[in-house]
Amino acid sequence: MAVTQAIFGINVAVFVAMTLAGVSMLDNPSGQDLVRWGANFGPLTVSGQWWRLLTSVFIHGGLLHIAANMYWLWTLGELAESLYGHWTFSALYLVAGIAASLTSLLWNPMVLSVGASGAIFGIAGALMASFYLGEFSLPRAAVTGTLKNIAAFAVITLILGAVSSHTDNAAHVGGLVMGLLLGALIAKVAPQHDAVGRRIAILLVGALLVAGGVMWLQRSRAYLLHGQNGVLLLQTGKTDEAIAELQNTVRLRPNFAAGHAALARAYITKHDYESAAAEMQRVIALNPRSEDAYYRLGLIYLQQNLASKAQDVFAQLLKINPNSADGHAGLADALSNQHRNVEALEEYKRVAALDSSYQGVYYNMGVTEARLKLYDDAIAALSKQREVGDDPDNESLLASVYDAKGMTSEADAARQKAEQLQGSH
């Protein structure tokens, strides 16, 4: 039982180390803690941290989790180690564990995966195949009884996992299938302990299957996981790392419009508007009717002070959807930036007609009307903006308009309110 004891000890040592490091192991540890200690998480694993396929097998999500797994490891490990010998059992456990992690990654790439249960299912599968196919000196009744007990463990655990949202049944199935395969091959091709060459060949088959799964994952879904990781990095303020991940995404899948859009957002965060515009143009080339892409490209041009280009883009958006409040608002901003205030005002009025709650629409109307010296209309618009919420800029502009009208007391009141709002921010 030397190997079983060693694996048991490693699991317990990791659990104790996590507890001493402050991880809440008596309850459910946080996902952030599990990731820090080596949990299997698709975006990170596929991004190059493939060691997580192995380390996750020795990490557990709480006291009950490790207690249940160590019970079955001790029970099944002792039997499997005596049947296969030390080194075969070790290799089988590790290959099944990695296969389980890979299956979990394929099935639930955005779900954290930890625990020894996938490897334990691999041991259970190997034992079932060996007891069913192999020749043993034990009485047939004893072999049949053991086989039934192991099969019952597997079936009941899978059923319980199917009704539990916290159980990674994909890992269980992956480990079980790998164990059944390796156990069957060992039973039929290399049942003797001294058949070292044949057993190595069988275990290499398992390792090659895992390697093939990794290669398939890299080709078929890596682009998506790189993209998801890039978005996560962007949300946590790691913009440079996010850009690198999103560049990997579009390199692996050049026609992935969502990847180009996310990369454009990352470039905007870096104020690299030229690169952002190039990526958003690719989105439009891939999806010519994407209203969001036209809108965001127009905003990028506004940031670059390319108002004429922005105007053209928003006009294209309105051809796709004439009732787009975003399109009319963007067009109004582009016209306003070109000092075409009469046309801009008409667009702002269209926005208000389409969506009276559109952010800042009445303030922008007030600004434009003040430029045109339509002071009464500006006061009406800015008063409506007040109904949406207090804003110091709105009050400051309202004070200026009141001044232009010679309404001193109203101007003073608006100015005082603006100062109060600025002081509270």
Side-chain angles (χ1 to χ4, degrees), residues 11 14-15 18 23-25 27-69 72 96-122 154 157-179 210 213-236 238 241-242 245-246 248-249 252-253 256 258-259 262:
N11 279 279
V14 171
F15 181 87
M18 291 175 70
V23 181
S24 178
M25 297 304 290
D27 197 1
N28 292 323
S30 69
Q32 186 176 6
D33 284 331
L34 293 175
V35 166
R36 187 163 53 246
W37 280 83
N40 185 25
F41 183 51
L44 298 180
T45 304
V46 174
S47 296
Q49 300 177 21
W50 293 104
W51 45 266
R52 291 180 179 274
L53 294 176
L54 177 60
T55 56
S56 61
V57 177
F58 296 94
I59 299 169
H60 289 85
L63 182 60
L64 291 178
H65 189 202
I66 191 172
N69 279 349
W72 286 110
I98 295 172
S101 297
L102 181 61
T103 307
S104 174
L105 186 60
L106 292 168
W107 190 258
N108 300 309
M110 294 303 294
V111 176
L112 285 175
S113 175
V114 295
S117 56
I120 294 168
F121 262 84
T157 305
L158 288 173
I159 291 173
L160 292 176
V163 300
S164 170
S165 60
H166 300 292
T167 302
D168 188 359
N169 246 4
H172 293 168
V173 172
L176 180 64
V177 171
M178 180 59 76
V210 170
V214 169
M215 293 175 64
W216 180 85
L217 177 64
Q218 286 182 309
R219 290 186 178 183
S220 66
R221 299 184 69 175
Y223 79 96
L224 186 59
L225 295 175
H226 280 296
Q228 290 168 330
N229 194 36
V231 172
L232 290 173
L233 289 167
L234 192 59
Q235 290 172 347
T236 56
K238 299 176 180 178
E241 296 174 50
E245 279 293 87
L246 293 167
N248 281 331
T249 297
L252 292 169
R253 190 64 61 94
F256 185 39

Chemist: In Å, rounded to the nearest 0.5 Å, how long is the span from CE of Met18 to OG of Ser24?
Modeler: 10.0 Å
Chemist: Tell me if the CH2 atom of Trp107 is crowded by more than 12 foreign heavy atoms within 6.0 Å.
Modeler: no
Chemist: Give me the atom names and distance for the closest heavy-atom approach of Leu102 to Leu217.
Modeler: CD1-CD2, 4.2 Å
Chemist: Taking only residues two or more places apart in sequence or in another chain, which ones pass ring-ring contact (aromatic ring centres under 6.0 Å, His included) with Phe256?
Modeler: Tyr223
Chemist: When you measure from the side chain of Thr55 to the backbone of Gly38, do you find a donor-acceptor pair of N or O atoms at a distance under 3.5 Å?
Modeler: yes
Chemist: Using 0.5 Å steps for rounding, measure from the CG atom of Asn169 to the OG atom of Ser104.
Modeler: 10.5 Å
Chemist: Using atom types as modelled and distance alone, determine if a side-chain donor or acceptor of His172 lies under 3.5 Å from a backbone N or O of Phe121.
Modeler: no
Chemist: Quick one: list whatever passes side chain to side chain contact (heavy atoms under 4.5 Å, CB included) with Asn248, sequence neighbours left out.
Modeler: His226, Glu245, Arg251
Chemist: So how far is it from Glu241 CD to Asn229 CG, rounded to the nearest 0.5 Å?
Modeler: 8.5 Å
Chemist: Where is the tightest heavy-atom contact between Thr249 and Gly259, given as atom of each residue plus distance?
Modeler: CG2-CA, 4.2 Å
Chemist: How far does CG of Leu246 sit from CG of Leu234, to the nearest 0.5 angstrom?
Modeler: 7.0 Å
Chemist: For the residue pair Leu112 and Gly31, what are the closest heavy atoms and their distance?
Modeler: CD1-CA, 3.3 Å
Chemist: Return the set of residues passing side chain to side chain contact (heavy atoms under 4.5 Å, CB included) with Ala100 (not counting sequence neighbours), or none when no residue passes.
Modeler: Ala171
Chemist: The criterion is side-chain hydrogen bond (donor to acceptor under 3.5 Å, both in side chains); which residues satisfy it with Asp33, sequence neighbours excluded?
Modeler: Ser30, Arg36
Chemist: Do Trp50 and Leu105 come within less than 4.5 Å of each other through their side chains, counting heavy atoms only?
Modeler: yes
Chemist: Taking all non-hydrogen atoms of both residues into account, name the closest pair between Gly97 and Val57 and its distance.
Modeler: O-CG2, 3.7 Å
Chemist: Do Val210 and Leu53 have side chains that get closer than 4.5 Å, going by heavy atoms?
Modeler: no
Chemist: Please find the pair of heavy atoms, one from Ile120 and one from Trp72, that lie closest to each other, and give the distance.
Modeler: CG2-CB, 4.0 Å
Chemist: Restricting to side chain to side chain contact (heavy atoms under 4.5 Å, CB included), what partner residues turn up for Leu64, sequence neighbours left out?
Modeler: none
Chemist: Using a 3.5 Å cut-off and no angle test, enumerate the donor-acceptor pairs between side-chain atoms of residues 39-46 and protein atoms at least two apart in sequence or in another chain.
Modeler:
residue	atom	partner	partner atom	Å
Asn40	OD1	Thr45	OG1	2.9
Asn40	ND2	Ser101	O	3.0
Thr45	OG1	Phe41	N	3.4
Thr45	OG1	Phe41	O	3.1

Chemist: Which residues pass the side-chain hydrogen bond (donor to acceptor under 3.5 Å, both in side chains) test with Arg52, sequence neighbours left out?
Modeler: Gln49
Chemist: Calculate, to the nearest 0.5 Å, the distance between atoms NE2 and CD1 belonging to His65 and Ile59 respectively.
Modeler: 11.0 Å
Chemist: Looking at residues at least two apart in the chain, or sitting in another chain, which of them share a side-chain hydrogen bond (donor to acceptor under 3.5 Å, both in side chains) with Thr103?
Modeler: none
Chemist: Measuring from Leu224:CG to Gln228:CD, what's the distance to the nearest 0.5 Å?
Modeler: 4.0 Å
Chemist: Nearest heavy-atom pair of Gly62 and Pro29: which atoms, and what distance?
Modeler: N-CD, 4.0 Å
